[in-house]
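The structure appears below as structure tokens.
Reminder, nothing fancy here: chain letters follow the sequence lines and each chain counts from 1.
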Number of protein chains: 2
Amino acid sequence: MAITIKDVAKAANVTPSTVSRVIADNPRISNKTKRKVRQVMEELGYQPNYKARNLASRTTQTIGLVMPNSTDQVFQNPFFPEVIRGISKMAHMTEYAIQFSTGETEEEIYDGVVQMVQSGRVDGVILLYSRMNDRVRAFLEEKAFPYTMIGKPSYDVEKISHVDNDNFSAAKEVTEYLLQLGHTKIGFVGGSTSLMVTLDRQQGYETALKEAGIPICEEYIVHEDFLIEGGKQAISELLSLKETPTALVVVDDLMAFGIINTLEKMGLRVPDDISIVGFNNLLLSEISQPPLTTVNINIFDLGYHAAKNLIEIINNPDEPAKRIIVPYQMTVRGSCKKLI
Amino acid sequence: MAITIKDVAKAANVTPSTVSRVIADNPRISNKTKRKVRQVMEELGYQPNYKARNLASRTTQTIGLVMPNSTDQVFQNPFFPEVIRGISKMAHMTEYAIQFSTGETEEEIYDGVVQMVQSGRVDGVILLYSRMNDRVRAFLEEKAFPYTMIGKPSYDVEKISHVDNDNFSAAKEVTEYLLQLGHTKIGFVGGSTSLMVTLDRQQGYETALKEAGIPICEEYIVHEDFLIEGGKQAISELLSLKETPTALVVVDDLMAFGIINTLEKMGLRVPDDISIVGFNNLLLSEISQPPLTTVNINIFDLGYHAAKNLIEIINNPDEPAKRIIVPYQMTVRGSCKKLI
DNA sequence: TTGTACGCGTTATCAG
DNA sequence: CTGATAACGCGTACAA
């Protein structure tokens, strides 16, 4: 049996409650007592028992992470390790533990979150995505359980704290960049249309075209659920058009890789035959062939601020919702070329 | 206040202990009572409180995951999402939760694990790596705390359950493949020499050469801690030799990408000027230019079996240690060429 | 500034 | 088969 608060109390000639107060650094305990108790704790190698602590204090000091479903390849995106690294950083600083939702299908994940929340395994939850008609979010909302998300909420944007990039502006900016290079036949390759990030970027893309007086061509806009495979699929659709685009805005670097690969198999070259802009700035984007012009969305910061946000919500449930916009940087490399 | 076991007991006209037994599906409770209690639980929407449950039962039903330190880029390796997916699968099936160690530096991680273990946040731990002189392992060992690891233990191989590939044979096989293609000047690019996976693969490489009667050239063996950056570094070292190798065995696909990128910048082509074999078979390896010949190590299975292993250990601490070897497949693609 | 007494929601032990 | 009763280890009003 590990050593408990009672053992410490006995050894320090005080009562358990005093020890408890020392742990909490209660100001009403004399420094002398604190010193003595702490010394005893040190000597005995005492570690508070979280199971008991949590029961008594009704908190867990842990935050739950919810991923999109892992059956699709989304999960293999280096995006996730990187957000988690950001979350982990903040969690460590604030002494929160991190718990993962398990489950592969949407159904399983939903059940997992319900379980996690109802049984009191976590104090709050971060959704690592934002999509329309999300049952998980609906559940959290209904329970009024503390949560935040990475991405723009699909409704009640003002009512819930979240962390996001300005995806509209980012997409508009890259599209304008392609316009400046002389491209007018610009395509857009998005992910699932239920993801907010797809919608925002598409709007930015469309707005840039409109402002340039270029009509939007529906055929130039395709959506794919998977990343690498989706990229392959997308480009074959686009190339089957009578007038093929000369440039593409692609919402994920992995998707862009899929596209570039397919193009090369067909004997087409990037950027000579077609220009491509991606999003995310993965480690690989710099060394790919050609190096990818992309938008660095600062994934680490997204995670870091999401964790910070959530912890604030947990500690202060009645504060107004906060929206954190993490800046992005367009990173010009070698996958775009002036149209001659 | 959520609804507790007492509420259920009252509504079902039984005592809390009976309800508890129904939850545990105790065989000594009559089916009639079980049915009644279960119905009441349903009606009231009762969910067991894990905080209390864990305190009373002295377990947590959660397993802890320990990563190598995240300051290096290792963490951006798609390897991790994939192992975690495997672990998550098994965890979900067995109703275990997953907790993550936080912390960036080795020191922080160590402290995090100590905390996790001492305060009773987890029932067992999976080390997602295996290295020499690992303080974390030493700690677990000393505490006799249930744990398993992915990779070969650096000592007491027979005494601890673990999940691994046969990295020796895999490396030997790919080296032999290069020999068959006519290469004799074959280099080896490994990760940190403190990682068991590096050592095993290096031995496989060396054994293949020895068996072919080719002397091992120390200069052809380089080690780098980082992945992509390391690849860049490694290749510039190798190219500075008077006699440069014509083929390389590289322990990680990401490293291979770094190498290929650097070569291309220098005007050298893979596989025309130099052949390369990687390890891991990431999603990207298939679509990279050229597509990478690599070893598929079945990362998902590694995670899946590690979780299974750990749970068995937790439930049966005295069983002998088990070693699970996950099969690998060499996947020939386009990054190797016959030497003329 | 410290001690007392009780509660947190379950499980486990011992009767019956 | 079921019911009391006592842990599990800690936090916290209330009292002193």
Hey, can you pull the residues of residues 45-55 of chain B with a non-hydrogen atom under 4.0 angstrom from DNA chain D?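 Those residues are B:L55.
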Interface with DNA chain D, restricted to residues 113-122 of chain B and to heavy atoms under 4.0 Å: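 The stretch gives none, as no residue of it lies under 4.0 Å from the strand.
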Among D:dA4, C:dT10, C:dG3, the one nearest B:T15 by side-chain distance: D:dA4
In whole angstrom, give the distance that lies between atom [atom1] of [X] and atom [atom2] of [N].
{"X": "A:M41", "N": "D:dG9", "atom1": "CE", "atom2": "P", "result": "17 Å"}
{"X": "A:I29", "N": "D:dT12", "atom1": "CD1", "atom2": "P", "result": "13 Å"}
{"X": "A:D7", "N": "D:dC10", "atom1": "CG", "atom2": "P", "result": "9 Å"}
{"X": "B:K10", "N": "C:dG9", "atom1": "NZ", "atom2": "C1'", "result": "13 Å"}
{"X": "A:I23", "N": "D:dG9", "atom1": "CD1", "atom2": "C1'", "result": "10 Å"}
{"X": "A:K6", "N": "C:dG3", "atom1": "NZ", "atom2": "P", "result": "16 Å"}
{"X": "B:K32", "N": "D:dC1", "atom1": "NZ", "atom2": "C1'", "result": "12 Å"}
{"X": "B:Q61", "N": "C:dG9", "atom1": "CD", "atom2": "P", "result": "21 Å"}

Scan residues 310-320 of chain A for pairs that pass salt bridge (charged side-chain N to carboxylate O under 4.0 Å, His left out), counting only residues two or more places apart or in two chains.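 Qualifying pairs, neighbours excluded: A:E312-A:K322.
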Test: salt bridge (charged side-chain N to carboxylate O under 4.0 Å, His left out). Region: residues 9-22 of chain B. Which pairs qualify, not counting sequence neighbours? none
Would you tell me whether B:S17 and B:S20 have side-chain atoms, one donor and one acceptor, within less than 3.5 Å of each other?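 Their side chains do not contain a donor-acceptor pair, so the 3.5 Å distance test is not met.
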Would you tell me whether B:N54 and B:T60 have side-chain atoms, one donor and one acceptor, within less than 3.5 Å of each other? no
Mind checking whether A:F100 and B:F100 have parallel, tilted or perpendicular rings, split at 30° and 60°?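 Answer is parallel, since the angle falls under 30°.
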Side chains of [X] and [Y]: closer than 4.5 Å at any heavy-atom pair?
{"X": "B:M93", "Y": "A:T102", "answer": "no"}
{"X": "B:I313", "Y": "B:Y147", "answer": "no"}
{"X": "B:R53", "Y": "B:I23", "answer": "yes"}

Before accepting this row, confirm whether a basic side-chain N of the pair A:D301/A:K308 lies closer than 4.0 Å to the acidic partner's carboxylate O. no
Out of curiosity, B:R131 CZ to B:E106 CD, how far, rounded to the nearest 0.5 Å?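 One finds 5.0 Å between CZ of B:R131 and CD of B:E106.
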At what distance, to the nearest 0.5 angstrom, does CG of B:L44 lie from OG1 of B:T4? 9.5 Å
With 3.5 Å as the limit, what N/O pairs link the protein to nucleotides 12-16 of chain C?
from	atom 1	to	atom 2	distance (Å)
C:dT13	O4	B:R21	NH2	3.1

Residue-phosphate contact under 4.0 Å: [X] side-chain N/O, [N] OP1/OP2:
{"X": "B:T4", "N": "C:dG9", "result": "no"}
{"X": "A:T18", "N": "C:dG3", "result": "yes"}
{"X": "A:S30", "N": "C:dT2", "result": "yes"}

In a check of side-chain contact (heavy atoms from CB on, under 4.5 Å) between A:Y129 and each of A:V197, A:V66, A:V83, which one passes? A:V66
Check whether more than 12 heavy atoms from other residues, nucleotides or ligands sit under 6.0 Å from atom CG of A:N133, and answer yes or no. no
Just how large is the angle between the end axes of the helix from C:dT1-D:dA16 to C:dG16-D:dC1, five pairs per end, to 10 degrees?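 Axis-to-axis angle, ends of the helix: 30°.
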Could you please spell out the steps behind the salt bridge (Lys or Arg N to Asp or Glu O under 4.0 Å) verdict for A:R135 and A:E142? CA-CA 10 Å; A:R135 289 176 63 200; A:E142 182 202 322; over 6 Å; no
Considering every strand and a 4.0 Å limit on heavy-atom distances, what is the contact class for B:V14: base, sugar-phosphate, or nothing? sugar-phosphate
